[in-house]
Chemist: 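Below are the structure tokens for one structure; questions will follow.
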Amino acid sequence: MRQAGAIRDALRQLRSEDIGLNVQPILLLASPGQFGLEVLIRFRTPLLREQQTGELIGIAHELGITHQIDALVIARLATLQKSLEATPLLRQRIEYLSVNISIDSIANPSRLNQLIDCLKEHKIDSSRISLELTETPGRNHQSDSVSAASERLIKELNFRILIDDFGSGLSNYQRICAAWY
């Protein structure tokens with residue numbers, strides 16, 4: 001119980017520098033020699049780095065702070081974006097970076113406005129960065145808000161929106177055809 005409380009406190013006190021970004025390559029079969037990169041977050045503080053990232057995100061969701069973690073990730077993403085642009089070989093070979101955005105960051109118009117302001121503030125390049133939303137909200141009562149948020153991100157900022165099933169393999173053609181996207 002004491003450790004659970006300490007984990008919650010550590011999550012509430014996160015700063016941008018407490019989050020590291022790792023990348024996982026995505027081979028683009030339609031474009032030989034080109035890659036996408038999936039951005040994976042890792043927590044750097046001693047207590048949090050001992051925990052599974054997915055479990056920590058679940059706790060953050062329960063605490064109602066995943067949108068704040070998304071803002072910290074976006075701040076770190078700006079640095080990664082600059083590094084990519086500063087390296088000619090990477091700039092040529094990496095077609096895009098994708099980053100997960102929690103459903104809490106688009107849960108209502110106010111949160112969506114905060115997300116859009118954060119993306120603008122950090123000058124996140126929509127031609128190089130793709131935003132991933134989970135497939136799950138598309139199958140339940142949140143699909144209208146997810147659809148509206150996706151449309152705004154596409155129309156206002158020209159982001160490419162990807163659908164993520166967290167590697168669960170739960171996607172299938174029937175679900176894809178029936179979902180909001």
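Atom set for the values below is all heavy atoms of this structure, side chains included, hydrogens, waters and symmetry mates excluded.
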Chemist: Looking at CG of L63 and CD1 of I59, how far apart are the two atoms once the value is rounded to the nearest 0.5 Å?
Modeler: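 Between L63 CG and I59 CD1, I get 7.5 Å after rounding to 0.5 Å.
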
Chemist: Heavy-atom distance under 4.5 Å between the side chains of I7 and L11, does that happen here?
Modeler: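 Yes - at least one pair of side-chain heavy atoms lies under 4.5 Å apart.
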
Chemist: Could R12 and D9 be called an ion pair, given the rule that one side-chain N must be under 4.0 Å from one carboxylate O?
Modeler: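 Looking at D9 together with R12, the answer is yes, because their closest N to O distance falls below 4.0 Å.
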
Chemist: So, does D18 use its side chain to make a donor-acceptor pair with the main chain of L14 at under 3.5 Å?
Modeler: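 Not confirmed, D18 side chain does not pair with L14 backbone.
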
Chemist: Would you indicate whether the side-chain heavy atoms of S126 and R160 approach each other to under 4.5 Å?
Modeler: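 A side-chain contact is absent here, since even the closest heavy-atom pair is not under 4.5 Å.
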
Chemist: When you measure from the side chain of R128 to the backbone N and O of R91, does any donor-acceptor pair fall under 3.5 Å?
Modeler: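 Here the side-chain-to-backbone pair exists.
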
Chemist: L80 and side chain to side chain contact (heavy atoms under 4.5 Å, CB included): which single residue from V73, L21, L37, I129 fits?
Modeler: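 Result: among V73, L21, L37, I129, L21 is the only option passing the side chain to side chain contact (heavy atoms under 4.5 Å, CB included) with L80.
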
Chemist: Would you give the length of the straight line joining atom CD1 of I69 to atom OG of S16, rounded to the nearest 0.5 angstrom?
Modeler: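 I69 atom CD1 to S16 atom OG measures 12.0 Å (nearest 0.5 Å).
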
Chemist: Does a salt bridge link R8 with E62, judged by any charged N lying under 4.0 Å from a carboxylate O?
Modeler: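 The answer is yes: the pair qualifies as a salt bridge.
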
Chemist: Kindly check if the number of other-residue, nucleotide or ligand heavy atoms within 6.0 Å of CD (E50) is above 12?
Modeler: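 Yes, because the 6.0 Å sphere around CD of E50 holds more than 12 heavy atoms from other groups.
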
Chemist: Once you round to the nearest 0.5 Å, how far does CG of N100 lie from CG of L133?
Modeler: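 Here the interatomic distance stands at 8.5 Å.
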
Chemist: If you round to the nearest 0.5 Å, how far is CD1 of I106 from NE2 of H67?
Modeler: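 Answer rounded to 0.5 Å: 13.5 Å.
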
Chemist: Any side-chain heavy atom of R42 within less than 4.5 Å of one from R49?
Modeler: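 In short, these two side chains do not touch, never coming nearer than 4.5 Å.
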
Chemist: With a 3.5 Å distance limit and no angle check, can you tell me whether Q81 reaches the backbone of D125 through a side-chain donor-acceptor pair?
Modeler: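 Answer holds: yes.
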
Chemist: Given 3.5 Å as the limit, does a donor-acceptor pair link the side chain of D70 with the main chain of S102, or not?
Modeler: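 At least one qualifying donor-acceptor pair exists.
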
Chemist: Can you find a heavy atom in the side chain of H122 that is under 4.5 Å from one in the side chain of R76?
Modeler: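 Not in contact.
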
Chemist: Of I41, L40, L131, L162, which is the lone residue that meets side chain to side chain contact (heavy atoms under 4.5 Å, CB included) with V99?
Modeler: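 It is L131; the other options fail the test.
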
Chemist: To the closest 0.5 Å, what do you measure between CD (Q51) and CD1 (I57)?
Modeler: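 Rounded to the nearest 0.5 Å, the CD-CD1 separation comes to 12.5 Å.
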
Chemist: Knowing that exactly one of S150, S98, S130 qualifies, which makes a side chain to side chain contact (heavy atoms under 4.5 Å, CB included) with I161?
Modeler: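 Going through S150, S98, S130 one by one, the side chain to side chain contact (heavy atoms under 4.5 Å, CB included) with I161 is satisfied by S150 alone.
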
Chemist: Is L27 reachable from L89 through a run of I, L, V, M, F, W or Y residues, each pair having side-chain heavy atoms under 4.5 Å apart?
Modeler: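 No; tracing contacts between hydrophobic side chains, which count when under 4.5 Å, never links both residues.
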
Chemist: Got a second to check how far N22's CG is from E38's CD, nearest 0.5 Å?
Modeler: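 The CD atom of E38 is 11.5 Å from CG of N22, to the nearest 0.5 Å.
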
Chemist: Which heavy atom of L56 sits nearest a heavy atom of L48, and at what distance?
Modeler: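 Heavy-atom minimum between the residues: CD1-O, 3.4 Å.
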
Chemist: Is it true that a side-chain atom of R111 and a backbone atom of D104 form a donor plus acceptor pair closer than 3.5 Å?
Modeler: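 Present.
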
Chemist: Could you state whether F35 and L29 fall into the same hydrophobic cluster, counting links through intermediate Ile, Leu, Val, Met, Phe, Trp or Tyr residues with side-chain heavy atoms under 4.5 angstrom apart?
Modeler: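 F35 clusters together with L29.
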
Chemist: So do L47 and Q3 actually touch side chain to side chain, heavy atoms under 4.5 Å?
Modeler: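 Yes, side chains in contact.
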
Chemist: Show, in sequence, the C-alpha distance, side-chain angles and deciding distance for F43 and T53, and conclude whether the side chain to side chain contact (heavy atoms under 4.5 Å, CB included) test is met.
Modeler: CA-CA 7 Å; F43 296 96; T53 300; 4.0 Å; yes

